[in-house]
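Before any comments, here is the structure.
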Amino acid sequence: DAVCGKQHLPVQANVMGSCFSFAKQAGQRKRHFLPLDLKKDPQLDDAPAPALSPEKIGATIPLVTQLAQGHFISMSLYTVCLLDVATVLGLKGRALTANEIASEVAARVTGSKPQVHVQALERMMRFLSQVGVFAESVGPRFGLTDVSQLLRTDAPQPSMRCGVLHLCEPPFWRSWMKVPDTVANQGGEVLAADSCPWSSANGLPVFPYYQAHPESMKPFSEFMDLFSKPEIPGTVQWPGWAQLPPGARVCDVGGGIGHMASAIKEAYPDLHVVNFDLLEVIKLAPATQGVENISGDFFKASSIPKCDVIYMKHILHDWNDAQCQGILKNCSAALPDGGGRIIIVDAVLPEAGEPNPALVGAFFFDILMLNIGSLERTEDKWRMLLDEAGFVIASITPSPAPNGYIIEALRK
């Protein structure tokens, strides 16, 4: 974790580089909000804010600089992940020089060998060692730390390499370069999948882009799988499942290849479970006893199977409010007349002026969603969204998943 100093704020990278390190800092640092009377009275006269004292200027300049230079870490991390340096170090089991790393990288590649710039690699390794990614010793030689251990692909443990490759790949960088123009000049447009920084930069909305570019789909799918599987046990333990009557038909809408559907069936064998997703996804879903795999499109009401309960995990945050209304109304049409419920697992942002250090990461997800034309939502926004689609929230339960809540809504 990064630690706040008296005169500066040293950075120590975690598995996802400086952005999440600064998120952690933001959660630990004292927050400053307007006094209550100022928030209540918008009629107060404007007045220029006082300038910082020389002491605060000296203490704050390094923080602003480090925030602006966060991409130095991100791109360096991306480079060593492309070369799979952590795996090379893991397989050798000892610290290596940059020249030795370059030789091992080339030896692992079939076909045309990369010509690694050894001096540039050494400088990058030394830099990443300063922020905790590698351990530097005399030589210089470079070994693994806890951070780089999680970037290995050869060990029997989760690897975050796919996450770095996904979040730092060129299409995302092109998208981020469009964000300033979106914020400054596109106030008259509604953010949507086909009208957002990503589509402007890459020519297609994010999911059609991935379908057309398997080199981007691979790390994205691996990263989603990395985070999805650990969420399943906590979600399956939600008490609401046990309260469903035997024989209730549960449909996991956008359920991928069926990990969650299989877990629900295993934990609650009396339920009838359906896994629903696009045809190209369902083709990859393994046959699981008691789980019915059905293909379709949740933007088409007629293709969603009739059921008593609809479950959606990290689906609605991919779409703007208008698109979510369409999805929710199509889901409603699949539920029984005068009944049924929908169970949503997604982030719930704190309301303005109600800080929650545990939810700082949700704001990172929200700014990521801005890139692709969607958003995370506060509880109030969830209530309004669901109310308009004909649902009323019955419960909101924290989930063990990062930034996850289980939202249960009943059909009105």
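All residue numbers in this chain count up from 1 along the given sequence.
- Remark: of the listed residues Ile343, Leu271, Ile310, Leu271 is the sole one forming a side chain to side chain contact (heavy atoms under 4.5 Å, CB included) with Val250.
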Worksheet entry | Worked check of side-chain contact (heavy atoms from CB on, under 4.5 Å) between Ile342 and Phe391 | CA-CA 8 Å; Ile342 186 167; Phe391 292 90; 3.7 Å; yes

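- Checked against the 6.0 Å centroid criterion, the rings of Trp198 and Phe172 qualify as a close aromatic pair.
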Only pairs under 3.5 Å count here: list side-chain donor-acceptor contacts from residues 234-247, not counting sequence neighbours, and write none if there are none.
unit_1	atom_1	unit_2	atom_2	d
Thr235	OG1	Glu231	O	2.9
Trp241	NE1	Thr235	O	2.9

Worksheet item: How far apart are the C-alpha atoms of His259 and Ser228, what are their side-chain angles, what is the distance that settles it, and do they pass the side-chain contact (heavy atoms from CB on, under 4.5 Å) test?
Response: CA-CA 9 Å; His259 292 310; Ser228 179; 5.7 Å; no

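- Within 6.0 Å of CD on Glu215 lie more than 12 heavy atoms contributed by other residues, nucleotides or ligands.
- In terms of heavy-atom proximity, Leu349 sits nearest to Ala362 at CD2-CB, 3.6 Å.
- Side chains of Asn320 and Gln323 form a contact here, defined as non-hydrogen atoms less than 4.5 Å apart.
- Side-chain atoms of Arg249 and Val309, non-hydrogen and from C-beta on, never get closer than 4.5 Å to each other.
- In this pair, Phe365 and His317 present their aromatic rings tilted. The plane angle is within the 30 to 60° band.
- Residues Phe298 and Phe276 form a side-chain contact, since some pair of their non-hydrogen atoms from C-beta on lies under 4.5 Å apart.
- For Met75, the CE atom counts as densely surrounded, since its 6.0 Å shell holds more than 12 non-hydrogen atoms of other residues, nucleotides or ligands.
- The closest side-chain heavy-atom distance from Glu408 to Arg341 is below 4.5 Å.
- Under the 30°/60° scheme for interplanar angles, the aromatic rings of His166 and Phe220 are found to be tilted.
- Taking a cutoff of 4.0 Å between a charged side-chain nitrogen and a carboxylate oxygen, Asp387 and Lys412 qualify as a salt bridge.
- The aromatic rings of Phe207 and Tyr210 sit perpendicular, their planes meeting at an angle over 60°, well past the 30° parallel limit.
- A salt bridge links Glu104 with Lys92: the closest approach of a Lys/Arg side-chain nitrogen to an acidic carboxylate oxygen falls below 4.0 angstrom.
- A donor-acceptor pair is defined here as one N or O able to donate and one able to accept, closer than 3.5 Å; such a pair exists between the side chain of Ser159 and the backbone of Arg152.
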Discussion item. Set out, in order, the CA-CA distance, both residues' side-chain angles and the distance that settles side-chain contact (heavy atoms from CB on, under 4.5 Å) for Phe72 and Leu77, then state yes or no.
Written reply: CA-CA 9 Å; Phe72 292 11; Leu77 200 64; over 6 Å; no

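- Each of Val183, Val190, Thr182 was evaluated against Gln186; a single residue qualifies, Thr182, per the side chain to side chain contact (heavy atoms under 4.5 Å, CB included) test.
- Residue Arg108 qualifies as enclosed at atom CZ: its count of foreign heavy atoms under 6.0 Å is above 12.
- Expressed to the nearest 0.5 Å, how far CG of Leu279 lies from CG of Asp297 amounts to 11.0 Å.
- No donor-acceptor distance shorter than 3.5 angstrom exists from the side chain of Ser195 to the backbone of Ala192, with no hydrogens or angles considered.
- Without hydrogens or angle criteria, Ser332 side chain to Leu328 main chain gives no donor-acceptor distance under 3.5 Å.
- The environment of Glu266 atom CD is sparse: at most 12 non-hydrogen atoms of other residues, nucleotides or ligands sit within 6.0 angstrom.
- For His71 (side chain) and Ser74 (main-chain N/O), no donor-acceptor pair under 3.5 Å exists by modelled atom type.
- Contact check for Glu136 versus Met125: no side-chain heavy atoms found under the 4.5 Å cut-off.
- A distance-only check finds no donor-acceptor pair linking the side chain of Asp277 to the backbone of Ile282 [under 3.5 Å].
- For the pair Ser76 (side chain) and Ile73 (backbone), a donor-acceptor distance under 3.5 Å is absent.
- Although no hydrogens or angles enter the test, the distance criterion places no donor-acceptor pair under 3.5 Å between the side chain of Ser148 and the main chain of Phe134.
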Fill in: Chi angles and distances behind the side-chain hydrogen bond (donor to acceptor under 3.5 Å, both in side chains) call for Ser199, Asp194
CA-CA 6 Å; Ser199 59; Asp194 58 356; over 6 Å; no

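- The distance from the CG atom of Leu385 to the CD atom of Gln325 is 5.0 Å, given to the nearest 0.5 Å.
- Counting heavy atoms from C-beta on, the side chains of Val88 and Asp84 never come closer than 4.5 Å.
- When the shell of 6.0 Å around CD of Gln289 is examined, it contains 12 or fewer heavy atoms from other residues, nucleotides or ligands.
- Residues that satisfy the side chain to side chain donor-acceptor pair (under 3.5 Å) test with Ser129, not counting sequence neighbours, are absent from this structure.
- For Asn202 (side chain) and Pro171 (main-chain N/O), a donor-acceptor pair under 3.5 Å exists by modelled atom type.
- Taking the side chain to side chain donor-acceptor pair (under 3.5 Å) definition, one finds that Glu222 meets it with Lys218, sequence neighbours left out.
- The shortest non-hydrogen separation linking Asp346 to Ile315 is OD2-N, 3.9 Å.
- For the side chain to side chain contact (heavy atoms under 4.5 Å, CB included) with Ile304, the qualifying choice from Leu335, Val274, Asn330 is Asn330, the only one to do so.
- Ion pairing of Asp321 with Arg377 is present here, as a side-chain N (NZ or NE/NH1/NH2) and a carboxylate O approach within less than 4.0 Å.
- Between Glu122 and Arg126 there is no salt bridge, since no side-chain N of the basic residue sits under 4.0 Å from a carboxylate O of the acidic one.
- Judged by distance alone, the side chain of Thr378 and the main-chain N or O of Lys381 form a donor-acceptor pair under 3.5 Å.
- Counting only heavy atoms from C-beta outward, the side chains of Phe363 and Pro350 approach each other to under 4.5 Å.
- Contact detail for Trp382 and Ala347: the closest heavy-atom pair is NE1-O, 3.0 Å.
- The two residues Tyr311 and Met260 come nearest to each other via the heavy atoms CE2-CG, 3.4 Å.
- For the pair Ile294 and Pro305, the tightest heavy-atom approach, listed with the atom from each and the gap, is CD1-CG, 3.8 Å.
- Rounded to the nearest 0.5 Å, atoms CZ (Arg383) and CD (Glu388) are 16.0 Å apart.
- Rounded to the nearest 0.5 angstrom, Ile406 CD1 and Ile344 CD1 are separated by 11.5 Å.
- Using a 4.5 Å heavy-atom threshold, the side chains of Phe223 and Leu167 count as touching.
- Lys265 and Thr288 share no donor-acceptor pair across their side chains, judged by distance under 3.5 Å alone.
- In plain terms, the two heavy atoms of Ala261 and Asn275 that are nearest each other are CB-CB, 3.9 Å.
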